[in-house]
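A short worksheet on the structure shown next.
Within every chain, numbering begins at 1; the chains are lettered A, B, ... in the order of the sequence lines, protein sequences first and strands thereafter. This structure is a prediction, so every number in the text was calculated from the model and none was measured.
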Protein chains: 2
Amino acid sequence: MNNSRFPISLHILTLLASDEGVLKSSDHIAGSININPVLVRKEISNLRKHGMIESKEGKNGGATLSRPANQILLSEIYHAVQQSSLLGNSKNKPNPNCPIGRQINQHLDDLYNELENVLLNKLAHMTLSDFVKQFENQ
Amino acid sequence: MNNSRFPISLHILTLLASDEGVLKSSDHIAGSININPVLVRKEISNLRKHGMIESKEGKNGGATLSRPANQILLSEIYHAVQQSSLLGNSKNKPNPNCPIGRQINQHLDDLYNELENVLLNKLAHMTLSDFVKQFENQ
DNA sequence: TTGTACTGTAATAATATAAATTACAGTATG
DNA sequence: CATACTGTAATTTATATTATTACAGTACAA
């Protein structure tokens with residue numbers, strides 16, 4: 001998880017959940033996050049592929065949640081944006097002639113998977129709705 | 001955790017633990033990880049500051065564990081290399097005029113802290129010794 | 001007492017990754 | 001059919017990571 005895709009996706013979903021049923025444009029969302037609208041559209045495209053968002057093209061188009069916020073788990077968002085593993089991929093190519101180097105990537109992968117499961121288990125008990133409820137009406 | 005400092009530090013410590021009491025040079029360690037020796041020395045310097053490693057300068061110098069491997073927790077290693085937060089820092093600067101944008105970084109930070117605690121709790125129950133035991137003698 | 005093999009660390013260069021920007025075809029609406 | 005959007009590709013720019021160079025300092029051993 002080396003970039004800010006998780007916070008961006010969560011921000012998008014939070015905006016949509018805070019005004020459920022209303023279509024929001026990528027420009028409007030980008031204005032709230034303060035990033036480029038194209039990045040927002042990319043993340044929306046990704047969230048759509050993962051079944052959390054629906055979007056409508058054309059004039060007055062935009063994005064909206066495809067399900068109630070209390071049926072969207074934070075673990076789903078994590079899965080949707082996850083590319084590399086948690087603590088940094090084992091992208092090193094250790095020396096295969098070293099008994100440690102030869103085996104370490106496998107053991108690192110096992111460790112990461114174990115940690116990731118712990119994290120996902122936690123996130124699977126939190127809904128988007130829980131997250132949005134924390135926001136005060138200001 | 002956006003770089004590979006955790007795997008590098010764990011690799012260094014694994015090498016030292018696999019041959020406890022013996023001084024290993026940064027060149028030798030770098031050869032196993034297959035990275036630049038200066039990076040290894042930087043990580044060793046960091047691990048030394050965090051009390052996990054001792055090192056000796058000069059000819060025949062090198063690094064060694066400062067405690068038995070069963071007294072080094074993986075959570076300590078995590079702490080030693082940790083810079084940014086888990087899922088990507090809230091480095092975005094959302095629009096303060098948006099009710100969601102204004103509050104989201106605080107809620108993201110809270111969420112990250114909660115997740116990080118779960119992770120650290122898991123890592124605090126794993127020792128370097130446990131990790132090294134997995135390696136087969138080849 | 002001096003050559004050698006190391007550490008420690010700063011400064012810089014190279015590379016990889018992420019983010020912003022530009023561009024434009026496609027779509028729905030009024 | 002003009003307008004306001006989405007969708008997506010291509011490119012540029014910015015930022016972060018990693019490698020490299022350089023060199024002073026230290027300990028050992030002949």
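Considering only residues two or more places apart in sequence or on other chains, T14(B) meets the side chain to side chain donor-acceptor pair (under 3.5 Å) condition with none of them. Considering only residues two or more places apart in sequence or on other chains, N113(A) meets the side chain to side chain donor-acceptor pair (under 3.5 Å) condition with none of them. Residues satisfying the side chain to side chain donor-acceptor pair (under 3.5 Å) criterion with S32(A), sequence neighbours excluded, are H11(A).
Grouped with V118(A) in one hydrophobic cluster are V118(B), the linkage being side-chain heavy-atom contacts under 4.5 Å among Ile, Leu, Val, Met, Phe, Trp and Tyr residues.
Test L108(B), N105(B), L111(B), I104(B) against P7(A) for side chain to side chain contact (heavy atoms under 4.5 Å, CB included) and you get one pass: L108(B).
Judged as a salt bridge (Lys or Arg N to Asp or Glu O under 4.0 Å), the pairs with a partner in residues 16-35 of chain B (not counting sequence neighbours) are, in order, D19(B)-K24(B). Screening residues 52-61 of chain A for side-chain hydrogen bond (donor to acceptor under 3.5 Å, both in side chains) gives R48(A)-S55(A) as the qualifying pairs, with residues at least two apart or on separate chains. Judged as a salt bridge (Lys or Arg N to Asp or Glu O under 4.0 Å), not a single pair has a partner in residues 8-17 of chain B (not counting sequence neighbours). Applying the salt bridge (Lys or Arg N to Asp or Glu O under 4.0 Å) test to residues at least two apart or on different chains, the pairs with a partner in residues 61-72 of chain B are R67(B)-E76(B).
Of the residues in residues 42-49 of chain B, those lying under 4.0 Å from DNA chain C by heavy-atom distance are S45(B), R48(B). Using a 4.0 Å cutoff on non-hydrogen atoms, the parts of residues 20-37 of chain A near DNA chain C are I35(A), N36(A), ordered by number.
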Protein-proximity profile, nucleotides 23-30 of chain D, B/S/- by nucleotide at the 4.0 Å heavy-atom cutoff, equals ---BBB--

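For the OP1/OP2 pair of dT18(D) and a distance below 4.0 Å, the side-chain nitrogens and oxygens of S4(B) include at least one atom meeting the criterion.
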Give the table of side-chain donor-acceptor pairs shorter than 3.5 Å for residues 119-126 of chain B, with sequence neighbours excluded, one pair per line with atom names and distance.
unit_1: K122(B); atom_1: NZ; unit_2: E114(A); atom_2: OE2; d: 3.4
unit_1: H125(B); atom_1: ND1; unit_2: N121(B); atom_2: O; d: 2.7

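In this structure, the CG atom of L39(B) is 14 Å from the P atom of dT7(C), given to the nearest Å.
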